[in-house]
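Contents: one structure, followed by commentary.
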Amino acid sequence: MTTAQTQELDVQPTPLALLLLGREADPKSERGVECPGDLPSPSDPDLVERARKAKEKLGDKVFVLGHHYQRDEVIQFADVTGDSFKLARDAAARPEAEYIVFCGVHFMAESADILTSEDQKVVLPDLAAGCSMADMATAEQVAECWDVLTEAGIAEQVVPVSYMNSSADIKAFTGKHGGTICTSSNAKRALDWAFEQGEKVLFLPDQHLGRNTAVRDMGMSLEDCVLYNPHKPNGGLTADELRAAKMILWRGHCSVHGRFSLDSVNDVRERIPGVNVLVHPECKHEVVAAADYVGSTEYIIKGLEAAPAGSKWAIGTELNLVRRLANRFAPEGKEIVFLDKTVCFCSTMNRIDLPHLVWALESLAEGNLVNRIEVDKETEAFAKLALERMLALP
């Protein structure tokens with residue numbers, strides 16, 4: 001189509017298109033939020049020393065959290081490393097730290113703010129470090145879904161279970177409607193609890209973790225699961241389909257884990273005879289079904305720690321972690337490769353780089369609070385209720 005033809009059609013870009021093109025910003029979204037301040041140059045050879053000095057100046061006033069998927073250049077300054085929930089709990093266990101610098105993504109920093117005291121301030125070095133999965137379920141979309149369930153006459157039977165990888169708004173919705181939060185390691189326990197409270201589960205926002213847990217760990221069938229698409233009228237489902245389902249899965253996924261395919265598994269088995277395939281449960285169902293081992297990030301790390309020398313592993317999770325593990329266990333003779341041939345970093349996690357971390361630490365050291373993540377009180381109260389239900393799981 002020519003430019004003239006396009007002009008004749010009077011085509012106007014949508015707000016979403018402008019956002020994706022970087023021409024607009026949405027402060028309510030985890031994407032497209034500008035990071036204020038002048039960042040150090042990424043080519044500055046003194047960045048490591050500057051970070052070290054700023055952190056040393058802050059002393060016990062700062063506590064730096066590093067998610068497993070962060071770059072090595074950032075991880076080296078983390079006081080603790082872990083998955084999102086472990087890090088949020090670690091922050092809550094350090095009440096003497098005035099500043100919690102969360103090297104992760106937006107929803108993780110929100111969870112830390114919810115679980116820490118009012119005196120503590122959570123900082124995200126780059127406000128544009130979001131999560132595509134968390135972005136796939138907005139408060140407005142989920143409220144509309146609940147209206148659909150109400151019209152189908154089943155809302156009272158449905159218990160929401162939301163993955164930790166969700167915004168504070170979604171956690172609050174979950175708490176308000178009698179549900180709980182789960183992690184990739186306790187999803188089965190959370191679902192067991194939910195089915196004791198009601199007949200059906202609305203699982204947000206990762207369809208793959210919900211499906212894999214229900215089918216692989218709980219013995220349900222794929223037919224027990226339906227997929228709710230927030231971009232279609234009534235989620236693309238009939239009232240009868242909703243009434244017949246046990247698991248109502250939200251149409252969301254992880255952009256990293258969702259790229260692994262059955263072809264990836266078959267290919268690595270051909271290339272590396274005797275390889276063990278170990279994947280995260282956010283992967284597609286057919287990938288999980290074909291893998292030898294399935295588990296959370298912590299499960300993956302512990303599995304490789306216990307693996308015998310000389311064993312071979314193909315790992316289906318974020319590349320920063322896989323590469324770090326490969327280097328760590330190479331002296332023990334363990335061969336560890338990325339499951340896919342194509343390199344795949346988490347693009348939003350990688351927004352937290354050394355220049356952003358240095359800028360945040362130096363700003364705090366100078367007495368300037370930057371990039372604070374603060375959840376409003378009402379949202380915090382209901383989100384905390386859902387988190388506390390998870391903590392109380394047997």
Side-chain angles (χ1 to χ4, degrees), residues 66-76 78 81-84 86-87 103-105 131-133 165 183-185 187 206-209 211-213 216-217 253-354:
H67 191 273
H68 286 308
Y69 297 167
Q70 289 292 302
R71 306 162 181 252
D72 287 344
E73 66 185 43
V74 170
I75 284 290
Q76 66 180 314
T81 59
D83 61 18
S84 58
K86 175 184 179 296
L87 292 176
C103 298
V105 294
C131 170
S132 59
M133 181 200 296
N165 298 28
T183 67
S184 53
S185 58
D206 180 24
Q207 59 168 303
H208 300 306
L209 177 62
R211 183 182 295 107
N212 289 329
T213 305
R216 181 177 181 272
D217 300 332
H253 65 275
C254 170
S255 58
V256 171
H257 294 108
R259 71 173 292 113
F260 297 115
S261 66
L262 185 57
D263 286 342
S264 303
V265 178
N266 293 335
D267 177 73
V268 80
R269 290 196 191 282
E270 289 181 10
R271 288 189 289 113
I272 308 176
V275 70
N276 297 282
V277 177
L278 171 55
V279 302
H280 195 281
E282 289 176 20
C283 293
K284 297 173 184 175
H285 181 66
E286 58 266 27
V287 173
V288 165
D292 299 301
Y293 304 95
V294 182
S296 66
T297 304
E298 295 291 341
Y299 175 91
I300 290 172
I301 295 170
K302 289 177 181 177
L304 293 175
E305 286 175 343
S311 55
K312 303 174 183 179
W313 297 84
I315 311 299
T317 193
E318 205 273 342
L319 183 57
N320 272 316
L321 176 61
V322 176
R323 188 170 58 184
R324 190 176 301 124
L325 292 171
N327 292 334
R328 174 184 170 186
F329 294 115
E332 299 178 24
K334 300 173 187 178
E335 181 181 349
I336 298 170
V337 301
F338 190 58
L339 178 57
D340 198 5
K341 284 182 176 180
T342 306
V343 172
C344 184
F345 292 100
C346 176
S347 59
T348 48
M349 280 278 191
N350 269 267
R351 289 184 184 275
I352 307 295
D353 54 15
L354 201 47

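- A donor atom on one side chain and an acceptor atom on the other are found under 3.5 Å apart for Tyr69 and Thr297.
- Looking at heavy atoms from C-beta onward, Ile352 lies out of side-chain contact with Arg71 at the 4.5 angstrom threshold.
- Summarising the geometry, atom NE2 belonging to His257 is positioned 3.0 Å from atom OG1 belonging to Thr317; distances are rounded to the nearest 0.5 Å.
- Arg269 contributes no side-chain N or O that, together with a main-chain N or O of Val277, makes up a donor-acceptor pair within less than 3.5 Å.
- A heavy-atom distance below 4.5 Å is not found between the side chains of Val74 and Met349.
- Contact between Leu262 and Glu286 at its shortest, heavy atoms only, is CD1-O, 3.9 Å.
- Phe260 approaches Cys283 most closely through the heavy-atom pair CD1-SG, 3.8 Å.
- Residue Lys284 holds its NZ atom at 9.5 Å from CZ of Arg259, rounded to the nearest 0.5 Å.
- Between atom SG of residue Cys346 and atom NE2 of residue His67 there is a gap of 8.5 Å, rounded to the nearest 0.5 Å.
- With Asn212 contributing its side chain and His208 its backbone, the two residues share a donor-acceptor pair below 3.5 Å.
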> Going through the distances and angles, do Ile301 and Arg328 end up as a side chain to side chain contact (heavy atoms under 4.5 Å, CB included)?
Replying inline: CA-CA 11 Å; Ile301 295 170; Arg328 174 184 170 186; 3.9 Å; yes
>> Walk me through whether Arg271 and Lys341 qualify under side chain to side chain contact (heavy atoms under 4.5 Å, CB included).
In response: CA-CA 11 Å; Arg271 288 189 289 113; Lys341 284 182 176 180; 3.6 Å; yes
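- Side-chain contact between Thr183 and Asp83: absent, with no pair of heavy atoms (C-beta onward) separated by less than 4.5 Å.
- Residues Ala309 and Glu332 come closest through the heavy atom pair CB-O, 3.1 Å.
- Counting heavy atoms from C-beta on, the side chains of Asn165 and Asp206 never come closer than 4.5 Å.
- Here CG of Leu354 is found 11.5 Å from CG of Asp72. Values are rounded to the nearest 0.5 Å.
- The side-chain contact (heavy atoms from CB on, under 4.5 Å) test with Leu325 singles out one residue from Ile315, Ile300, Asn320, and that residue is Ile300.
- Put simply, the side chain of Leu339 does not reach to within 4.5 Å of the side chain of His280, judged on heavy atoms.
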> Could you go step by step and tell me if Lys334 and Glu305 meet the salt bridge (charged side-chain N to carboxylate O under 4.0 Å, His left out) rule?
Replying inline: CA-CA 10 Å; Lys334 300 173 187 178; Glu305 286 175 343; over 6 Å; no
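- Within the model, atoms CZ of Arg211 and CZ of Arg216 stand 15.0 Å from one another, a figure rounded to the nearest 0.5 Å.
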